[in-house]
Amino acid sequence: WQPFTATGAALQQHPAATGSNAETNREYLGQLTQVLSNRALNEVKVGYARWIFRNANLTEWSNHWQAQNGVTTGSPRITFTNFTVAGNTFFPRHGAQDILSFRDDFSFSYDARGRHDLRMGVDYLRQVDDGNNCQVCMVRLNARALPSPANIETLFPDAFNASTWNLAAISPLVRTYDIGIGDFTTHDTRPQFGAWLQDDWLMSSKLTLNLGMRYDLSVNASGKEYSVPPFVEAGKPDDTN
């Protein structure tokens with residue numbers, strides 16, 4: 001829970017500022033080890049991990065203008081002189097990160113002008129990020145002082161139900177009106193590939209060469225489908241060096 005500031009602050013807050021935060025993490029991993037011979041070993045690992053977070057205000061708002069998209073919590077963010085009726089500007093928001101992983105390691109030992117311990121493998125990660133950040137979609141109102149402190153309970157009879165608030169009554173006090181519009185959802189898929197080969201070559205009792213190479217490729221690491229004109233355009237190429 002993220003409580004509102006009741007007393008002791010220069011700017012007092014209304015209980016509608018109370019919010020909640022939830023985080024969940026799940027991880028699964030399976031491994032199969034096969035002894036193919038007295039010289040060869042293969043290991044396969046498959047995994048799945050998921051991390052989820054959710055932030056929301058406790059105040060319900062059934063007639064929110066984004067209700068058709070599932071936004072039914074929060075309230076208008078109203079700033080009076082030394083008093084605010086507001087929650088976190090970024091609430092509600094949620095995000096989920098799903099990662100599917102696959103890895104295969106193969107080891108083989110043999111003799112050729114010395115002993116060789118050869119290892120090779122491949123690695124694959126598929127990361128998907130989903131989120132929704134309804135930033136500033138709650139409406140931000142900058143108002144002057146309330147006519148009378150006694151009117152607060154009349155204007156906001158139920159702190160946790162914004163649909164009961166008498167916003168029309170404070171309309172003459174509002175100096176600025178700010179709202180964020182558009183699509184607040186994101187969906188990013190970022191596959192990652194890796195392959196490697198290593199040979200530990202024992203040439204003599206005093207000399208061992210460790211030879212190896214590896215190549216990694218991250219696809220869509222920079223969110224290439226997004227654009228921020230005129231600075232960044234969509235369709236940026238992947239770095240394949």
Side-chain angles (χ1 to χ4, degrees), residues 21-34 40-56 65-66 68-71 74 88-108 116-138 140 178-201 209-241:
N21 179 63
E23 296 185 16
T24 305
N25 187 62
R26 300 183 181 94
E27 297 182 8
Y28 307 93
L29 178 66
Q31 177 175 324
L32 174 63
T33 302
Q34 294 177 293
L41 177 72
N42 193 69
E43 290 182 309
V44 177
K45 298 177 183 177
V46 178
Y48 174 74
R50 185 170 215 217
W51 177 68
I52 310 170
F53 77 90
R54 293 183 181 276
N55 303 128
W65 69 282
Q66 282 274 328
Q68 62 180 359
N69 295 324
V71 181
N88 190 303
T89 304
F90 297 97
F91 288 7
R93 62 181 173 180
H94 73 267
Q97 183 181 88
D98 295 272
I99 301 178
L100 176 66
S101 61
F102 172 83
R103 175 169 174 157
D104 186 28
D105 290 290
F106 177 72
S107 302
F108 183 68
H116 293 261
D117 291 319
L118 181 68
R119 291 187 292 273
M120 63 182 68
V122 293
D123 194 14
Y124 171 70
L125 293 174
R126 184 178 186 271
Q127 178 174 314
V128 180
D129 282 324
D130 284 297
N132 187 301
N133 185 353
C134 196
Q135 184 174 359
V136 200
C137 76
M138 290 295 163
R140 294 188 298 195
D178 184 18
I179 189 171
I181 60 174
D183 184 2
F184 302 93
T185 61
T186 58
H187 180 86
D188 300 311
T189 302
R190 294 191 291 275
Q192 299 178 36
F193 305 88
W196 60 89
L197 174 68
Q198 180 172 330
D199 184 13
D200 296 333
W201 182 6
L209 292 182
N210 302 112
L211 309 173
M213 59 182 178
R214 178 181 176 115
Y215 177 75
D216 287 283
L217 174 63
S218 183
V219 179
N220 194 29
S222 61
K224 61 183 181 181
E225 71 271 29
Y226 297 111
S227 63
V228 186
F231 308 104
V232 178
E233 298 299 331
K236 298 180 292 295
D238 292 308
D239 183 359
T240 58
N241 292 337

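Position 1 is the first residue of the sequence, and the numbers go up from there.
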(request) Taking all heavy atoms of Trp196 and all of Asp123, pick out the closest pair and write down the distance. (result) CZ3-CB, 3.6 Å
(request) For residues Asp238 and Ser218, report the shortest heavy-atom separation together with the two atoms involved. (result) OD1-O, 4.1 Å
(request) List the atom of Ser227, the atom of Ala234, and the distance in Å for their closest heavy-atom pair. (result) CB-N, 3.4 Å
(message) More than 12 heavy atoms of other residues, nucleotides or ligands under 6.0 Å from CG of Leu29: yes or no?
(response) yes
(request) May I ask you to decide if Thr189's main-chain N or O and Asn220's side chain share a donor-acceptor pair within less than 3.5 Å? (result) yes
(message) With rounding to the nearest 0.5 angstrom, report the CG to CG distance, Asp104 to Leu32.
(response) 9.5 Å
(request) May I have the step-by-step check of side-chain contact (heavy atoms from CB on, under 4.5 Å) for Leu118 and Leu197, ending in yes or no? (result) CA-CA 8 Å; Leu118 181 68; Leu197 174 68; 3.4 Å; yes
(message) Does any part of the side chain of Pro92, heavy atoms only, come nearer than 4.5 Å to the side chain of Met138, both counted from C-beta?
(response) yes
(message) Within the structure provided, determine whether Phe102 and Arg126 are in side-chain contact (heavy-atom separation under 4.5 Å).
(response) no
(request) Measure the CZ-NE2 distance between Phe53 and His94 for me, rounded to the nearest 0.5 Å. (result) 8.0 Å
(message) Please determine whether the number of non-hydrogen atoms from other residues, nucleotides or ligands lying under 6.0 Å from atom CZ of Arg190 exceeds 12.
(response) yes
(request) Would you please say whether a donor-acceptor pair under 3.5 Å links the side chains of Asn25 and Glu27? (result) yes
(message) Looking at every non-hydrogen atom in both residues, tell me the closest pair between Glu233 and Lys236 and how far apart they are.
(response) O-CG, 3.4 Å
(request) Of all the heavy-atom pairs spanning Gly180 and Trp65, show the shortest one and how long it is. (result) O-CZ2, 3.4 Å
(request) First locate atom CG of Leu100, then atom OH of Tyr28, and finally report the distance between them rounded to the nearest 0.5 Å. (result) 13.5 Å
(message) Is the shortest side-chain heavy-atom distance between Asn42 and Phe106 below 4.5 Å?
(response) yes
(message) Can you list everything that forms a ring-ring contact (aromatic ring centres under 6.0 Å, His included) with Trp201? Sequence neighbours excluded, please.
(response) His116
(request) Answer whether the closest heavy-atom distance between the side chains of Thr185 and Asp130 falls below 4.5 Å. (result) no
(message) So, applying salt bridge (Lys or Arg N to Asp or Glu O under 4.0 Å) with Arg119, which one of Asp105, Asp200, Asp199 is it?
(response) Asp200
(message) Within this structure, what is the CZ-CD distance for the pair Arg214 and Gln198, rounded to the nearest 0.5 Å?
(response) 11.0 Å
(message) Whether the side chain of Asp239 engages the backbone of Asn241 through a donor-acceptor N/O pair (distance < 3.5 Å, no angle test) should be reported.
(response) yes
(message) Phe193: which residues meet the ring-ring contact (aromatic ring centres under 6.0 Å, His included) condition with it, sequence neighbours left out?
(response) Tyr124
(request) Could you tell me which non-hydrogen atom of Phe108 sits nearest to which non-hydrogen atom of Ala40, and how far apart they are? (result) CD1-CB, 3.9 Å
(message) Do Gln127 and Asp188 make a side-chain contact, defined as non-hydrogen atoms from C-beta onward lying under 4.5 Å apart?
(response) no
